[in-house]
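In what follows, a structure is listed as structure tokens, so that the remarks can point back to it.
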Amino acid sequence: MDENDMIDEEEYEFSRNYFLAKESGKSVKKSSAHKVSELNLADEQELRAEVSNIEPRHEKEIALLINSYKKLYNEWVFELRYGFGILMYGFGSKKTLIEDFASTALTEYNVIVVNGYLQSINLKQVATAMAEVLWDQLKMQLRSASGGTSRDQQPFNSRSMDDLIAFLDEPHKTENECLVCLVIHNIDGPGLRDSDTQHLLARIAACSHVRIVASIDHVNAPLLWDKKMVHVQFNWCWHHVPTFAPYKIEGVFHPLILAHGGTSQSVKTASIVLQSLTPNAQSVFKVLAEHQLAHPDEEGTCLTFSVFKIHHVLGDIWYD
């Protein structure tokens, strides 16, 4: 057998094995009838209990790594003083690092902390707290300068979001600059991830009396912002500070993979979803629920329009 025949034989064997492998893969796919729904998922509370019992590792190295970032504190303060925002990213929880930075290096600022890893956050309350803190600073400086009492302010909790942002941005005649630092753990968290909230945060960050320090963990977090938000409003200085610390606190508020929450968790989740709906949508769900309770034997039946009459009256849905 010459060399050409040997090459042809090798190519034939390679091709034959390739198609045999493809056929065998198809047969496996056809014979497999397993479904994800058939998996025996662990109870979420039991799984969380097991996770909490995992012995932490490399604690000494993690502590040394976080401690090594302290030499950057002066640089971060300098950037804040000149109007930049500090954005920290990298693997591991940055909560301990940011809180240590705020408590030791930002003593000249009044700090408002937002836990963005929570499922829902009232940004109006955050802006109100910032305005109240700023007003307290201004009152103290005005009193020390004039020796008298300062003018009264309309309660901030009754103001609109636009009014609060305007107050945080308007010039105030004081001897020293009054600043409020907004610290946001996970600015890319579920409670802050929507476009409207991010645009409001960008407007707040752009205010003359506001400085911002934040962290991100989601790989797609930069997609939340456009060019103007990044370079003008937030004016980020990006700092890669991996800590490799476990997300102990942040993880509590996220569902675990391959775990079911049981009936109580399902009811709680459904309640949260229903509360987030508009009154119109809630009314429609009420009609559907009442019909299902009245006809327990029916599963997945379609309701005709005559089953419930929907009348749009002043934005509400009335049903018979």
Side-chain angles (χ1 to χ4, degrees), residues 39-73 76 85-107 109 111-123 125-126 129 181-194 197-198 201 212-224 236 238-262 264-269 271-272:
L39 292 175
N40 185 19
L41 301 180
D43 181 77
E44 184 171 0
Q45 295 301 322
E46 294 179 3
L47 193 53
R48 288 193 183 277
E50 292 298 324
V51 170
S52 65
N53 292 330
I54 297 177
E55 185 177 351
R57 303 179 65 182
H58 309 295
E59 288 184 303
K60 182 179 178 181
E61 290 81 2
I62 290 173
L64 288 172
L65 178 61
I66 294 176
N67 191 59
S68 69
Y69 294 131
K70 289 186 177 182
K71 64 179 181 290
L72 301 174
Y73 284 6
W76 298 346
I86 304 297
L87 185 65
M88 303 186 191
Y89 68 99
F91 184 79
S93 173
K94 291 159 282 295
K95 192 173 190 302
T96 300
L97 172 63
I98 292 176
E99 288 179 348
D100 182 72
F101 169 63
S103 62
T104 59
L106 299 181
T107 52
Y109 296 86
V111 177
I112 301 293
V113 178
V114 176
N115 295 319
Y117 48 78
L118 298 177
Q119 295 299 316
S120 62
I121 295 169
N122 190 328
L123 205 56
Q125 291 181 356
V126 175
C181 186
L182 180 62
V183 171
I184 305 178
H185 299 294
N186 296 97
I187 195 173
D188 55 344
L192 300 172
R193 201 173 290 166
D194 63 280
T197 300
Q198 288 294 326
L201 285 172
I212 185 168
V213 177
S215 66
I216 57 173
D217 282 292
H218 199 286
V219 65
N220 293 325
L223 299 178
L224 295 171
W236 291 128
W238 299 69
H239 291 277
H240 184 222
V241 286
T243 65
F244 302 97
Y247 296 92
K248 288 183 179 179
I249 298 177
E250 299 93 326
V252 171
F253 301 94
H254 290 269
L256 296 177
I257 300 174
L258 297 181
H260 68 79
S264 60
Q265 185 66 25
S266 300
V267 171
K268 181 180 178 181
T269 303
S271 176
I272 293 173

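Fair warning: this is a prediction, and the values are worked out from it, not measured in the lab.
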Drop me the distance from H239's NE2 to I86's CD1, to the nearest 0.5 angstrom.
4.0 Å
Please state whether the rings of F91 and F244 are parallel, tilted or perpendicular, taking 30° and 60° as the class boundaries.
tilted
Would you say the side-chain atoms of Q198 pair up with the backbone N or O of D188, donor to acceptor, closer than 3.5 Å?
no
So how far is it from L192 CG to N115 CG, rounded to the nearest 0.5 Å?
10.0 Å
Does N122 have any side-chain contact (heavy atoms from CB on, under 4.5 Å) partners at least two apart in sequence or in another chain, and if so, which?
K124, Q125
Any donor-acceptor pair under 3.5 Å from T107 side chain to T104 backbone:
no
For T197, enumerate each residue passing the side chain to side chain donor-acceptor pair (under 3.5 Å) test, keeping only those at least two apart in sequence or located in another chain.
D194
Partner residues of N186 under the side chain to side chain donor-acceptor pair (under 3.5 Å) criterion, sequence neighbours left out
D217
List the atom pairs, with distances to 0.1 Å, where a side-chain N or O of residues 57-64 and a protein N or O form a donor-acceptor pair under 3.5 Å, not counting sequence neighbours.
none

Could you work out, with ring-ring contact (aromatic ring centres under 6.0 Å, His included) as the rule, every residue matching F101, not counting sequence neighbours?
Y73, W76
Ignoring hydrogens, what is the shortest heavy-atom contact between L65 and P242? Give both atom names and the distance.
CD2-O, 3.1 Å
Donor-acceptor pair, Y89 side chain versus V219 backbone, under 3.5 Å?
no
side-chain contact (heavy atoms from CB on, under 4.5 Å) for I249 and S93? Distances and angles first, verdict last.
CA-CA 9 Å; I249 298 177; S93 173; over 6 Å; no
Once rounded to the nearest 0.5 Å, what's the spacing between atom OG1 of T243 and atom CD1 of I66?
5.0 Å
Derivation of the side-chain contact (heavy atoms from CB on, under 4.5 Å) call for I187 and L224:
CA-CA 10 Å; I187 195 173; L224 295 171; 5.9 Å; no
Gap separating the NE2 atom of H240 from the CG atom of L87, nearest 0.5 angstrom:
12.0 Å
Rounded to the nearest 0.5 angstrom, the CD1-CD1 distance for I184 and I98 is 10.0 Å
Listed partners of P190 passing side-chain contact (heavy atoms from CB on, under 4.5 Å), at least two apart
Q119, R193, H254
Does K70 have any side chain to side chain donor-acceptor pair (under 3.5 Å) partners at least two apart in sequence or in another chain, and if so, which?
N67
If you compare all heavy atoms of G92 against all heavy atoms of Y247, which two are closest, and at what distance to 0.1 Å?
N-OH, 2.9 Å
Check the pair K248 / K95 against side-chain contact (heavy atoms from CB on, under 4.5 Å), numbers first and verdict last.
CA-CA 10 Å; K248 288 183 179 179; K95 192 173 190 302; over 6 Å; no
Mind checking side-chain contact (heavy atoms from CB on, under 4.5 Å) for S120 and listing every partner two or more places apart, or none if nothing turns up?
none
Residue set satisfying side chain to side chain donor-acceptor pair (under 3.5 Å) with S215, at least two apart, ordered chain then number -> none
